[in-house]
Amino acid sequence: MATLSLVPTSTLASSSLGRVNRYSGMAFASSVKEIKGDGNLPKLVLTSTHVEAEIYLFGGCVTSWKVASGKDLLFVRPDAVFNGQKPISGGIPHCFPQFGPGPMQQHGFARNMNWSVVDSENVEGNPVVTLELKDGPYSRSMWDFSFQALYKVTLNKSSLSTELIITNTDKKQFSFSTALHTYFHASVTGASVKGLKGCKTLNKDPDPTNPLEGKEERDVITFPGFVDCIYLDAPNVLHLDNGLGDIITVKNTNWSDTVLWNPYQQMEACYRDFVCVENAKIGKVQLEPEQSWTAIQHLSID
């Protein structure tokens, strides 16, 4: 694995709820603005030609991707809380350094922490921002390692791309699992996913603590009821029909697995309006000191 040139810690502003943390004196690109979002949490708004994305610094969570048609292709649950304590339920939450249940809290701590802005630029008229998360007392209370996570978000007229780089800044090896828990706006009765036929599956229905191993035989996967299934060694291109007239291509580099999820009647108020198609790394990634791991997600619409 490649070694990164790390961002100097002395140039980072201290973390503080309610304001944007960024390099001292750093100006935002013209296509990026900072505003107060729900709960007065700081939010970045990225704009390109007829498209827009929103990112909350709490959790480093992309919560909106509006395309030229005016549709928002991402979904935030109506029960989402914007209080700077509970993770934002919707958009593209981070699961790091643990996916699912385990020794620490569900899905780790990255979605419960304030990320900082370390770069903002226009590339050929398209906004690009880079966020950073580093260890602190809160993370170390659960996972006693020093790390740096960089999250680069790029918006253009037909796509939303993210690049996640995890670097071991400790003096000892660590391991982690991770995912982007992406919520897509959908009509659950009409939504379907293509591209997973032949994958080994770990189906958490009916018993999430004892997943059933299997193999996906369907060309087209639908969401007729409760769905919580891991697809191991998934292909790097999938196609989501959201049942609302949109076909979303989900491409990835180095996200080796895919998770499909819909809670069905466990979330009676909103399960009909979304599906989750998650790029994930279920198996443990091991990093030696100064080593990095990189994964890219590219969402696009025709």
Side-chain angles (χ1 to χ4, degrees), residues 59 75 77 79 87 89-112 142-143 164 166 174-184 186 188-189 191-242 248 250-268 270-287 293 295 297:
F75 181 79
R77 286 169 22 196
D79 62 343
S89 300
I92 311 179
H94 289 275
C95 304
F96 175 84
Q98 173 186 290
F99 175 76
M104 67 186 80
Q105 64 191 22
Q106 176 85 358
H107 292 323
F109 50 71
R111 61 185 188 151
N112 293 76
M142 290 173 270
W143 196 63
L164 179 65
I166 305 296
F174 65 59
S175 62
F176 63 90
S177 58
T178 182
L180 296 178
H181 199 308
T182 308
Y183 288 71
F184 290 99
V188 73
T189 56
S192 63
V193 176
K194 294 181 180 179
L196 291 167
K197 185 177 181 179
C199 289
K200 180 181 177 181
T201 57
L202 297 175
N203 196 338
K204 296 185 179 183
D205 181 29
D207 182 2
T209 63
N210 187 28
L212 296 174
E213 293 188 13
K215 182 179 179 180
E216 183 56 71
E217 302 291 349
R218 294 169 291 177
D219 290 309
V220 179
I221 301 166
T222 56
F223 296 82
F226 178 78
V227 174
D228 190 357
C229 190
I230 296 169
Y231 294 80
L232 300 175
D233 298 319
N236 59 13
V237 181
L238 302 176
H239 299 283
L240 166 66
D241 182 338
N242 66 9
I248 301 165
V250 182
K251 295 183 180 180
N252 84 84
T253 302
N254 214 29
W255 289 108
S256 59
D257 312 303
T258 295
V259 181
L260 301 185
W261 180 68
N262 181 272
Y264 196 46
Q265 293 177 351
Q266 292 178 9
M267 294 183 185
E268 177 64 32
C270 64
Y271 80 88
R272 300 172 183 85
D273 300 322
F274 76 92
V275 297
C276 287
V277 181
E278 310 168 31
N279 278 316
K281 187 70 175 179
I282 302 300
K284 294 287 187 180
V285 178
Q286 291 192 348
L287 292 182
W293 175 86
Q297 174 172 277

In terms of relative ring orientation, are F274 and W261 parallel, tilted or perpendicular, with 30° and 60° separating the classes? tilted
Find out whether D228 and D205 are in side-chain contact, i.e. whether some heavy atom of one side chain is under 4.5 Å from a heavy atom of the other. no
Measure the spacing between NE2 of H181 and OG of S89 and express it to the nearest 0.5 Å. 9.0 Å
Show your working on ring pair (Phe, Tyr, Trp, His ring centres under 6.0 Å) between W293 and F176 and close with a plain yes or no. CA-CA 10 Å; W293 175 86; F176 63 90; 5.7 Å; yes
Mind running salt bridge (charged side-chain N to carboxylate O under 4.0 Å, His left out) on E216 and R218 for me, showing each step along the way? CA-CA 6 Å; E216 183 56 71; R218 294 169 291 177; 2.8 Å; yes
Determine the interplanar angle of the F99 and H107 rings, folded into 0 to 90°, and report it as parallel if under 30°, tilted if 30 to 60°, perpendicular if over 60°. tilted
Minimal heavy-atom distance between E278 and T182, with the atoms involved, is CG-N, 3.9 Å
Step by step, would you call E213 with K200 a salt bridge (charged side-chain N to carboxylate O under 4.0 Å, His left out)? CA-CA 7 Å; E213 293 188 13; K200 180 181 177 181; 3.8 Å; yes
Can you confirm whether T253 sits close enough to W255 that some side-chain heavy atom of one is under 4.5 Å from a side-chain heavy atom of the other? no
S192 side chain near V220 side chain, heavy-atom distance below 4.5 Å: yes
Looking at side-chain heavy atoms only, is the closest gap between F223 and Y264 below 4.5 Å? no
Please name the pair of heavy atoms, one in Q286 and one in S175, separated by the smallest distance, quoted to 0.1 Å. CG-CB, 3.8 Å
If every non-hydrogen atom of G59 is compared with every non-hydrogen atom of H94, which pair is closest and at what distance? O-CD2, 3.2 Å
Does the side chain of V250 come within less than 4.5 Å of H239's, by heavy atoms? no
Answer yes or no: is there a side-chain heavy-atom contact under 4.5 Å between Y183 and P93? yes
Report the C-alpha distance between V193 and L260 in whole Å, list the side-chain angles of each, state the deciding distance to 0.1 Å, and finish with yes or no for side chain to side chain contact (heavy atoms under 4.5 Å, CB included). CA-CA 9 Å; V193 176; L260 301 185; 4.1 Å; yes
Between the SG atom in C276 and the CZ atom in F75, the distance rounded to the nearest 0.5 Å is 9.5 Å
What are the two closest heavy atoms between T178 and C95, and how far apart are they? OG1-O, 2.8 Å
Side-chain donor-acceptor pair under 3.5 Å between N203 and T201, yes or no? no
Distance in Å, N279 CG paired with N254 CG, rounded so as to fall on 0.5 Å steps: 10.5 Å
Strictly distance-based, threshold 3.5 Å: is any side-chain N or O of Q98 a donor or acceptor partner for the main-chain N or O of M104? yes
Please report the shortest heavy-atom distance between Q106 and G100, naming the atom on each side. OE1-C, 3.4 Å
Distance check, rounded to the nearest 0.5 Å: K204 atom NZ versus C229 atom SG? 9.5 Å
Could you please spell out the steps behind the side chain to side chain contact (heavy atoms under 4.5 Å, CB included) verdict for L202 and L212? CA-CA 5 Å; L202 297 175; L212 296 174; over 6 Å; no
Does the side chain of V259 come within less than 4.5 Å of Y231's, by heavy atoms? no
Using every non-hydrogen atom in the two residues, find where G195 and P235 come nearest and quote the distance to one decimal. O-CG, 2.8 Å
Spatial distance of atom OG (S256) from atom CG (N236) [nearest 0.5 Å]: 11.5 Å
Under a 3.5 Å distance rule, please check whether Q105 uses its side chain to pair with a backbone N or O of G108 as donor and acceptor. yes
Candidate pair Y271 and Q266, rule side chain to side chain contact (heavy atoms under 4.5 Å, CB included), full reasoning: CA-CA 8 Å; Y271 80 88; Q266 292 178 9; over 6 Å; no
Classify the side-chain pair N252/Q297 by whether it contains a donor and acceptor separated by less than 3.5 Å. no
Interatomic distance, N262 atom CG to R272 atom CZ [nearest 0.5 angstrom]: 10.0 Å
Non-hydrogen side-chain atoms of F226 and P206 separated by less than 4.5 Å: no
